Amino acid sequence: MENYNPAEIEKKWNRHWDEQNFFHSEPDDREPYTIVIPPPNVTGILHMGHILNNTLQDVLVRRARMMGKNACWVPGTDHASIATEAKVVAKLAAEGINKSDLTREEFLDHAWKWKEEHGGIILKQLRTLGASCDWARTKFTMDPQMSESVIKVFVDLYNKGLVYRGVRMVNWDPAAQTALSDEEVIHRETAGKLYYLRYMIEGTTDYIVVATTRPETIMGDVAVCVNPADERYSHLKGKRVIVPLVGRSVPIIEDDYVTMEFGTGALKITPAHDVNDYVIGEKHGLEVIDVFNSDGTISEKSPLYVGEDRFVVREKIAVELAEKGLVEKVEEYTNQVGYSERTGAAIEPKLSMQWFVKMEKLAEPALKAVMEDTVRFVPPKFKNTYNHWMTNIKDWCISRQLWWGQRVPAWFLPEGGYVVAENADEALRLAREKNRALNMADLRQDEDVLDTWFSSWLWPISVFDGIRHPDNGDIKYYYPTNDLVTAPEIIFFWVARMIMVGYEYRHQRPFNAVYFTGIVRDKLGRKMSKQLGNSPDPLDLIAQYGADGVRMGMMLSTSAGNDIIFDEAMCEQGRNFGNKIWNAWRLVAMWRGAATDGVQPLASKKAIEWFGAKMDAVLGEIEGCFANYRLNDALMAAYKLFWDDFSGKYLEIVKPAYGEAMDSATLSATIGFFEKLLQVLHPFIPFVTEELWHCISDRGAKECVTVSDMPAPKSVDEEILSRFELMWEAVTAIRAVRKNRNIAMREPVGLMVIADGNFPAELSPILEKMGGLSQVSVVTEKPAGCDGFIVKTTQYFVPLGEAVDKEAELAKLTEELKYQEGFLTSVMRKLDNERFVASAPEAVVAAERTKRADAEARIGALRERIEALR
RNA sequence: GGGAGUUUAGCUCAGCUGGUUCAGAGCAUCUGCCUUACAAGCAGAGGGCCGGGGGUUCGAAUCCCUCAACUCCCACCA
């Protein structure tokens with residue numbers, strides 16, 4: 001009747017842990033265990049992916065802490081340059097303010113205000129989940145010391161020649177109006193059209209047909225290119241063509257880049273708006289005509305459509321060309337188009353001056369580390385992906401034409417050129433080495449900011465201030481960190497780069513292992529997203545099932561690297577489990593209220609012996625699971641230990657008869673078990689376990705399960721476990737008989753057994769109690785009028801007098817006999833096979849022999865029973 | 001166009017370098033129970049030609065080939 005209600009309790013313990021400062025870590029003599037959180041966007045809100053990710057981290061951290069390690073989980077947020085700036089721009093726009101009307105300083109004021117108001121909400125939400133972060137160490141990637149580290153690294157890499165500035169074709173996001181790195185571009189198949197356009201040969205009425213998907217770029221055309229081997233066009237060599245509408249005369253050039261089979265085998269060259277065209281243009285010394293503005297509208301360089309959007313122009317120009325009879329045909333065509341990861345805008349290749357990091361050298365040690373498992377990937381399949389990317393790594397465009405972020409520490413000089421320095425004063429000093437007359441006012445700092453990932457890649461180092469102070473106590477103690485838990489989506493953005501910079505600045509891996517989570521999907525297998533509206537609000541879930549329930553729901557459905565199909569039913573299971581534990585304690589508490597010094601029943605004594613062994617076995621199992629990052633299996637093992645073995649079996653066995661009291665020896669053993677179970681479960685479901693830990697005894701504020709010592713597994717007496725199994729099989733069989741016969745538990749039945757080596761006589765008291773037996777008696781002959789069953793080789797009989805249905809019993813036994821004989825045949829087939837005996841390992845053959853013996857014994861027993869019945 | 005992964009009970013998944021415990025778990029389902037911790041529960045039960053086909057082997061869910069379906073990553077063919 002009484003259900004566990006998590007809400008209040010969870011709040012209470014969260015507060016308590018916080019007050020006690022349990023999660024704060026300082027270096028000491030203990031072994032450290034460190035995790036740095038993948039910093040969520042500062043203005044982000046909690047979604048299911050965060051729940052998954054942070055639950056996993058919390059389980060690891062809490063367990064490590066209980067294992068006596070000095071656990072430190074560093075939380076923090078990321079300034080998410082482009083995403084945050086976009087949000088601020090949108091917010092200002094809603095207020096009628098244009099970003100372009102603001103100065104950089106004014107805009108940043110708004111941005112910081114926004115950050116102060118909305119920033120860090122996600123960290124509060126993480127607390128609700130029970131995340132045991134060291135909140136005093138909370139970092140933000142734009143904290144002054146974090147930014148300083150970023151700048152320091154930029155300058156250092158520049159001085160090492162690993163950062164350079166240059167004009168390159170980059171991915172341009174016309175919505176955010178900034179350059180992007182290759183990783184920020186998502187290619188998607190997009191339905192479009194392939195236009196076949198006629199370019200008149202200069203001075204003739206002849207024309208050449210060119211296929212293009214982007215007619216709006218013709219204003220930037222500077223040539224038409226054909227393959228030199230293409231005989232169809234050999235007569236046009238050296239001729240010129242007129243660009244349609246534009247009227248410009250451009251040359252026909254030859255390059256074997258052109259595929260003769262595609263389209264018409266003639267390609268229009270627009271160096272400003274296509275990477276390949278750019279390469280060809282460079283090769284042939286062609287002009288670059290950029291006909292787009294940075295927002296994707298047509299620029300003044302174009303004679304037509306100035307100021308209109310590129311996609312509008314595409315439609316218009318197609319119509320106009322068609323009217324002029326310059327369109328040969330139009331085909332439906334699907335191709336890969338790049339889109340901005342953040343704004344979704346179609347990427348425009350654009351030639352521009354940007355800052356880059358040279359990656360090749362940085363990648364070397366980082367690649368090696370992963371391939372040799374110095375940095376362990378869980379699951380290892382991601383090594384492939386990583387390997388491929390790292391061996392084909394390209395330079396990283398790190399400048400962004402935004403304001404929110406670390407500003408590029410380069411200062412331009414009036415007479416051209418620039419200096420790179422950690423600050424303006426230093427820049428001036430360097431500038432004066434070139435021109436002594438310069439003043440601060442002559443220097444103009446680069447307007448661009450750095451890619452967000454250029455600060456996040458330092459995260460494991462910079463949160464411990466290891467860039468500015470490489471020898472400080474924190475970085476030396478906590479670095480390298482232990483586990484990184486993150487999504488495979490950011491393996492290149494973040495994981496790879498952290499490893500690279502880790503080796504560059506610490507000559508050490510940043511973490512020992514990376515646990516890649518899956519993507520959270522809904523029941524239909526769709527990725528959970530805001531757009532689809534198929535993602536439940538984690539806070540609603542927590543309100544409904546408790547943080548413990550949600551954590552457990554997440555944990556139960558995850559395994560490393562596999563996507564998880566999230567089902568709320570799993571949270572319900574988690575909630576039910578909390579309730580189960582809660583009620584189990586209520587039962588034990590009742591017993592404690594009335595315990596006596598009475599004699600300990602033999603059944604209880606045996607149960608304690610057994611459950612102790614069982615617990616040790618499961619503790620070992622769990623340890624193995626953790627070693628392999630199989631956290632869901634670890635939880636399931638603990639779950640079954642509590643539910644099936646402890647509640648379902650142990651508590652039932654030691655439960656005193658109605659109206660009787662429990663003896664104190666059994667009581668204290670039971671409470672001891674309960675405590676251990678709470679400890680084992682605590683990393684997964686910290687709240688309910690903490691609550692009960694304090695119900696068990698009145699401990700001081702400092703004695704929390706959170707900081708208790710995890711029970712260690714001991715060697716297990718397998719014999720005890722297997723004897724118990726045999727006994728419990730008999731219990732199940734008796735219960736089945738009851739069910740079949742409609743005999744209620746309270747109605748006692750007898751049990752007779754032909755005791756052999758497989759009869760666990762020492763467990764008879766438990767058998768009696770759990771089977772609701774009047775008594776267990778040993779017989780040598782099978783009695784008449786019985787239902788019976790066989791466990792392994794032992795024959796058991798339940799006397800039922802007239803109630804026995806002889807025919808049914810016979811049928812059951814005959815069927816069992818048939819099965820056993822078939823089984824024996826299959827075993828014999830093997831043992832009679834010389835090649836099997838010769839080539840199979842000793843142990844396998846021995847196992848088969850045992851099976852034969854067991855089967856024969858069972859068959860013997862079955863035959864006897866059948867005979868007797870007849 | 002390359003590469004990787006997945007395909008085992010209704011659902012979500014385990015099954016490591018091949019060996020029978022006639023393939024396991026949780027959830028769901030079915031049957032019977034409000035038995036004095038818990039109906040968010042208890043007791044029982046059913047359910048799988050391990051994607052299809054072929055091969056290697058004494059033996060294959062497990063190795064090889066092939067086909068199919070789904071997923072993901074990478075990639076500058078207009």
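Each chain gets a letter, A, B and so on, in the order the sequences are listed, and its residues count up from 1. Here the structure is a predicted model, which means the values were calculated and not measured.
Here the separation of B:rG10 from B:rG48, taken at their C1' atoms, is 11 Å to the nearest Å. B:rC42 and B:rA37: their C1' atoms are spaced 12 Å apart (whole Å). To the nearest whole angstrom, the two C1' atoms, one in B:rG52 and one in B:rU17, are 27 Å apart. Comparing B:rU36 with B:rC30, their C1' atoms are spaced 29 Å from each other, to the whole Å. For the P atom pair drawn from B:rC13 and B:rA40, the interatomic distance equals 27 Å after rounding to whole Å. The separation of B:rU29 from B:rU12, taken at their C1' atoms, amounts to 15 Å, rounded to a whole angstrom. When the C1' atom is compared between B:rG51 and B:rU71, the two are found 15 Å apart, to the nearest whole Å. Of the P atoms belonging to B:rU6 and B:rA14, the separation is 9 Å, rounded to the nearest Å.
When distances are taken from the side chain of A:Ile565 to each of B:rC13, B:rG41, B:rA37, the shortest belongs to B:rC13. Side-chain atoms of A:Ala736 lie closest to B:rG44 of the nucleotides B:rA40, B:rG44, B:rC38. Comparing B:rC38, B:rC27, B:rA78 against the side chain of A:Val258 picks out B:rA78 as the nearest. Nearest to the side chain of A:Leu267, among B:rA14, B:rA78, B:rG44, sits B:rA78. Taking every side-chain heavy atom of A:Lys739 into account, B:rG32 is the closest of B:rU71, B:rG32, B:rA14. Closest to the side chain of A:Lys640, out of B:rA25, B:rC72, B:rG5, is B:rA25. The nucleotide whose nearest atom lies closest to any side-chain atom of A:Asn3 is, among B:rA40, B:rG5, B:rC38, B:rA40. Relative to the side chain of A:Phe492, the nucleotides B:rC74, B:rA75, B:rC27 differ in distance, and B:rC74 lies closest. Closest to the A:Thr212 side chain, of the nucleotides B:rA4, B:rA78, B:rG44, is B:rA78. When the nucleotides B:rA25, B:rG5, B:rA14 are ranked by their closest atom to the side chain of A:Met636, B:rA25 comes out on top.
Among the heavy atoms of the strands, none lies under 4.0 Å from A:Glu572. The residue A:Asn335 sits close only to the backbone: its heavy atoms come under 4.0 Å of sugar-phosphate atoms, none of a base. If you check every strand for non-hydrogen atoms under 4.0 Å, A:Ala584 touches a base. Within the nucleic acid shown, A:Glu848 comes within 4.0 Å of sugar-phosphate atoms alone, with no base atom in reach, counting heavy atoms only. As judged by a 4.0 angstrom heavy-atom cut-off over every strand, A:Met590 is placed among residues touching the sugar-phosphate backbone only.
Each of A:Met745 and A:Glu489 has a nearest nucleotide on RNA chain B; the 5'-most of these lies closest to A:Met745.
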Subject >> Evaluation steps, salt bridge (charged side-chain N to carboxylate O under 4.0 Å, His left out), between A:Lys792 and A:Glu725 >> reply: CA-CA 11 Å; A:Lys792 204 154 183 185; A:Glu725 289 291 309; over 6 Å; no

**OP:** Apply salt bridge (charged side-chain N to carboxylate O under 4.0 Å, His left out) to A:Lys383 and A:Asp373, showing your working.
**Re:** CA-CA 9 Å; A:Lys383 284 166 75 174; A:Asp373 293 321; 3.1 Å; yes

**OP:** Take A:Arg741 and A:Glu747 through the salt bridge (charged side-chain N to carboxylate O under 4.0 Å, His left out) test and state the conclusion after the steps.
**Re:** CA-CA 12 Å; A:Arg741 301 284 180 184; A:Glu747 201 178 322; over 6 Å; no

Original post:
Would A:Tyr233 and A:Glu254 satisfy side chain to side chain donor-acceptor pair (under 3.5 Å), going step by step from the backbone distance to the final call?
Top reply: CA-CA 10 Å; A:Tyr233 301 119; A:Glu254 293 178 310; over 6 Å; no

Original post:
Stepwise, does the ring-ring contact (aromatic ring centres under 6.0 Å, His included) test hold for A:Phe642 with A:Tyr650?
Top reply: CA-CA 10 Å; A:Phe642 192 95; A:Tyr650 176 84; over 10 Å; no

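Contact annotation: A:Trp643 does not reach the phosphate of B:rA25 (side-chain N/O to OP1 or OP2, under 4.0 Å). Neither OP1 nor OP2 of B:rA14 sits under 4.0 Å from any side-chain N or O of A:Asn632. For A:Lys580, no side-chain nitrogen or oxygen approaches OP1 or OP2 of B:rA40 to under 4.0 Å. Listed pair A:Tyr333 / B:rA78 meets the phosphate criterion, a side-chain N or O lying under 4.0 Å from OP1 or OP2. The phosphate of B:rG15 has OP1 or OP2 within less than 4.0 Å of a side-chain N or O from A:Arg630. Within the 4.0 Å cut-off from OP1 or OP2 of B:rC27, at least one side-chain nitrogen or oxygen of A:Tyr639 is found.
Smallest separation of non-hydrogen atoms from A:Leu721 and A:Ala617: CD1-CB, 4.0 Å.
Per the geometry, CH2 belonging to A:Trp585 stands 16 Å off P belonging to B:rC38, to the nearest Å. The CG atom of A:Asn833 sits 9 Å away from the C1' atom of B:rG59 (whole-angstrom rounding). A:Asp644 places its CG atom 15 Å from the C1' atom of B:rC38, with the value rounded to the nearest Å. One interatomic measurement links the two molecules: NZ of A:Lys830 to P of B:rG59, which rounds to 11 Å at whole-angstrom precision. Distance A:Asn579 CG to B:rA39 C1': 11 Å, rounded to the nearest Å. As rounded to whole Å, 13 Å separates atom P of B:rG26 from atom CG of A:Asp633. For the pair A:Asp255 CG and B:rC77 P, the computed distance is 16 Å after rounding to whole Å. Between the CD atom of A:Glu189 and the P atom of B:rC77 there is a distance of 12 Å, rounded to whole Å.
Base pairing annotation: B:rA4 forms a Watson-Crick or G-U wobble pair with B:rU71, both donor-acceptor distances under 3.5 Å. With a cut-off of 3.5 Å on both Watson-Crick or G-U wobble distances, the partner of B:rC50 is given as none. In this entry B:rC42 has B:rG32 as its Watson-Crick or G-U wobble partner, both defining distances falling under 3.5 Å. Nucleotide B:rG10 forms a pair with B:rC27, judged by Watson-Crick or G-U wobble geometry with both contacts under 3.5 Å.
No donor-acceptor pair under 3.5 Å is formed between the side chain of A:Thr793 and the backbone N or O of A:Ala857. When atom types are taken as modelled, the side chain of A:Arg497 and the backbone of A:Phe493 share a donor-acceptor pair closer than 3.5 angstrom.
Judged by atom type and distance alone, A:Thr385 does not reach the base of B:rC73 through any side-chain donor-acceptor pair under 3.5 Å. Counting distance only, with no hydrogens placed and no angle test, the side-chain atoms of A:Gln573 and the base atoms of B:rA40 include no donor-acceptor pair under 3.5 Å.
Side-chain contact annotation: A:Glu184 with A:Ser181, donor-acceptor N/O pair under 3.5 Å present.
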